[in-house]
Enquirer: 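To start, I am sharing the structure in question, which I have written as structure tokens.
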There are 2 protein chains.
Amino acid sequence: MIRLGKLTDYGLLLMCQVVRTRSRKNHTARELAKECHLPMPTVSKLLRILHQNGLLASQRGIKGGYVLARDPELIPITEIISALEGPFALTECSSDVAGLCDLEPSCPLKENQRVINQVVRSALARVMLSDLARPMQLTAIRDGKGNLVPITGAAIGRTQ
Amino acid sequence: MIRLGKLTDYGLLLMCQVVRTRSRKNHTARELAKECHLPMPTVSKLLRILHQNGLLASQRGIKGGYVLARDPELIPITEIISALEGPFALTECSSDVAGLCDLEPSCPLKENQRVINQVVRSALARVMLSDLARPMQLTAIRDGKGNLVPITGAAIGRTQ
DNA sequence: AAGAAACAGTACTGAATTAGTCTGCTTTTA
DNA sequence: TAAAAGCAGACTAATTCAGTACTGTTTCTT
């Protein structure tokens, strides 16, 4: 399967929790850990990374905590994923670093790897955090032209 | 990054090689291994899996080998990926198997994981093997930075 | 009919990656 | 100034993955 790390999954969960409870002034790592049933050190680490990538704003000190840096409508989930998983690449070859692959000079796939990558990425870039945080309400995404496309009809390929 | 295993990458490479040289009556594992600069046992294993999933047809015996089971225009790369990586799922939660996740009863993300999954999958389902096997003829253009961008969906999100 | 060439399948090993934990430090406010 | 909270990196354990080896089965050729 195409893999998203557990930590990324947790990260998405945390961000959703922040969105869902954003009436609160701020969110401490401890609170979020409890609410999401995740170990506190892990949550702490994730929140720090999300902060470093401009997705959360942090306040230190005894009354500190985290708040969302932007409206959830303005946060594509690709940003969260990139923050936690590093540069977006399906394989080593599709990254921008050269020389990672022995086959590189002879590999005719390299360019197309980039394309696969781009297809996945642009598809995910249309899903916003606000879409994720409202369970059950996401029945459509926007296609390349900005039109809404029902999710259910989007599936091609067979179900396994 | 979203991860595709090396073996899957090799599998895509092999399938492309078969397509590109399909004037040959058949393709032995040995030939393909040499042409793709991959170890022969690995190639053998991959070809067998691809065959089991109905992507290649095999002929045993001294004059045996593999041929493409269908026209490359009819093979979405999701099929190749699913064959080599197992059921399409970005995280454990998004698979159909229940009970894998401790958080399941309280996890409000579960449904949306499915959505993310579906978004990626339906995007990839539109890319056919024939598209991959013809480098440079793909429906993609280069943007200002030299990155390939599919013309079907204007890439949103920022480039990292 | 026998042997060679090629596919089929399984099991094991070593390596790489990842998740998670621990420890200590810095900042801020009551 | 002490406590609460964030900051940072190192370390360990577990899991996953790639690769290899070995054995069996099929079919063609001589």
Enquirer: Whole angstrom is fine here: how far is it from NZ in Lys45(A) over to C1' in dA19(C)?
Expert: 7 Å
Enquirer: Taking atom C1' of dA4(C) as reference, at what distance in whole Å does atom CZ of Arg30(B) sit?
Expert: 11 Å
Enquirer: Would you list the protein and nucleotides 21-30 of chain D atom pairs, both N or O, that sit under 3.5 Å from each other?
Expert:
from: dT26(D); atom 1: O4'; to: Arg60(B); atom 2: NH1; distance (Å): 2.7

Enquirer: So which nucleotide from dA8(C), dG19(D), dG20(C) ends up closest to the side chain of Lys6(A)?
Expert: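 Closest nucleotide among those given: dG20(C).
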Enquirer: Does Thr42(A) have any side chain to side chain contact (heavy atoms under 4.5 Å, CB included) partners at least two apart in sequence or in another chain, and if so, which?
Expert: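 In terms of side chain to side chain contact (heavy atoms under 4.5 Å, CB included), with neighbours along the sequence ignored, Thr42(A) is linked to Leu7(A), Tyr10(A), Pro39(A), Leu46(A).
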Enquirer: Partners of Ile49(A) by side chain to side chain contact (heavy atoms under 4.5 Å, CB included), sequence neighbours excluded?
Expert: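 With neighbours one apart ignored, the set is Lys45(A), Gln52(A), Asn53(A), Leu84(A).
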Enquirer: Taking all non-hydrogen atoms of both residues, which atom of Val43(B) and which atom of Ala29(B) are closest, and how far apart?
Expert: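 For Val43(B) and Ala29(B), the tightest heavy-atom pair comes out as CG1-O, 3.6 Å.
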Enquirer: If you compare all heavy atoms of Ser122(B) against all heavy atoms of Val119(B), which two are closest, and at what distance to 0.1 Å?
Expert: OG-O, 3.3 Å
Enquirer: dA8(C) phosphate, OP1 or OP2: any side-chain N/O from Gln52(B) under 4.0 angstrom?
Expert: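 Checking Gln52(B) against dA8(C): no side-chain N or O falls below 4.0 Å of OP1 or OP2.
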Enquirer: Could you tell me which residues satisfy salt bridge (charged side-chain N to carboxylate O under 4.0 Å, His left out) with Arg24(B), sequence neighbours excluded, listed by chain and number?
Expert: Glu31(B), Glu35(B)
Enquirer: Between P on dA8(D) and CD1 on Ile49(A), what's the gap in Å once rounded to a whole number?
Expert: 11 Å
Enquirer: Under 4.0 Å: is that the gap between some side-chain N or O of Ser58(B) and OP1 or OP2 of dA6(C)?
Expert: no
Enquirer: Whole-Å distance between dG19(D) P and Leu47(B) CG?
Expert: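 Distance, rounded to whole Å: 15 Å.
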Enquirer: In whole angstroms, how far is the P atom of dC7(D) from the CG atom of Leu50(A)?
Expert: 11 Å
Enquirer: Can you name the residues that form a side-chain hydrogen bond (donor to acceptor under 3.5 Å, both in side chains) with Thr8(A), not counting sequence neighbours?
Expert: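 By the side-chain hydrogen bond (donor to acceptor under 3.5 Å, both in side chains) rule, Thr8(A) matches Glu85(A).
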Enquirer: Between Tyr10(A) and dA19(C), is there a contact of a side-chain N or O with OP1 or OP2 at under 4.0 Å?
Expert: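 Answer no for this pair, as no side-chain N or O of Tyr10(A) is under 4.0 Å from OP1 or OP2.
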Enquirer: Let me know, please, whether Leu7(B) or Ser44(A) comes out on the 5' side of the other along DNA chain D by nearest nucleotide.
Expert: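 The answer here is Ser44(A).
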Enquirer: I need the residues from residues 22-29 of chain B with at least one non-hydrogen atom less than 4.0 Å from DNA chain C; give them sorted by number, or say none.
Expert: His27(B), Thr28(B), Ala29(B)
Enquirer: Write down the distance between CG (Leu38(B)) and C1' (dT20(D)), rounded to a whole number of angstrom.
Expert: 15 Å
Enquirer: Select one nucleotide: of dG20(C), dC7(D), dA8(C), the one nearest the side-chain heavy atoms of Tyr66(A).
Expert: dC7(D)
Enquirer: Just verifying a value: how many Å separate Met15(A) CE and Leu56(A) CG, rounded to the nearest 0.5 Å?
Expert: 4.5 Å
Enquirer: For the helix from dA1(C)-dT30(D) to dA30(C)-dT1(D), what angle lies between the axis at the first five pairs and the axis at the last five pairs, to 10 degrees?
Expert: 10°
Enquirer: From Asp71(B) CG over to Met128(B) CE, what is the distance, rounded to the nearest 0.5 angstrom?
Expert: 12.0 Å
Enquirer: Roughly, in whole Å, what's the span from CG in Leu46(A) to P in dG20(C)?
Expert: 9 Å
Enquirer: Quick check for you: among dC7(D), dA5(D), dT20(D), whose closest atom lies nearest to any side-chain atom of His51(A)?
Expert: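 Among the listed nucleotides, the one closest to the side chain of His51(A) is dC7(D).
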Enquirer: Checking Arg60(B) now: which residues fulfil salt bridge (charged side-chain N to carboxylate O under 4.0 Å, His left out) with it, not counting sequence neighbours?
Expert: none
Enquirer: Please give, in whole Å, the distance from dA6(C) P to Leu56(B) CG?
Expert: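 Going from Leu56(B) (CG) to dA6(C) (P), I get 17 Å.
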Enquirer: State whether the side chain of Asn26(A) and the backbone N or O of Gln59(A) hold a donor-acceptor pair below 3.5 Å, judged by distance alone.
Expert: no
Enquirer: Is there a donor-acceptor pair closer than 3.5 Å between any side-chain N or O of Ser44(B) and the backbone N or O of Met40(B)?
Expert: no
Enquirer: Determine whether Gln118(A) and Arg121(A) satisfy the following criterion, side chain to side chain donor-acceptor pair (under 3.5 Å), listing intermediate values before the conclusion.
Expert: CA-CA 5 Å; Gln118(A) 194 62 52; Arg121(A) 186 194 193 142; 4.9 Å; no
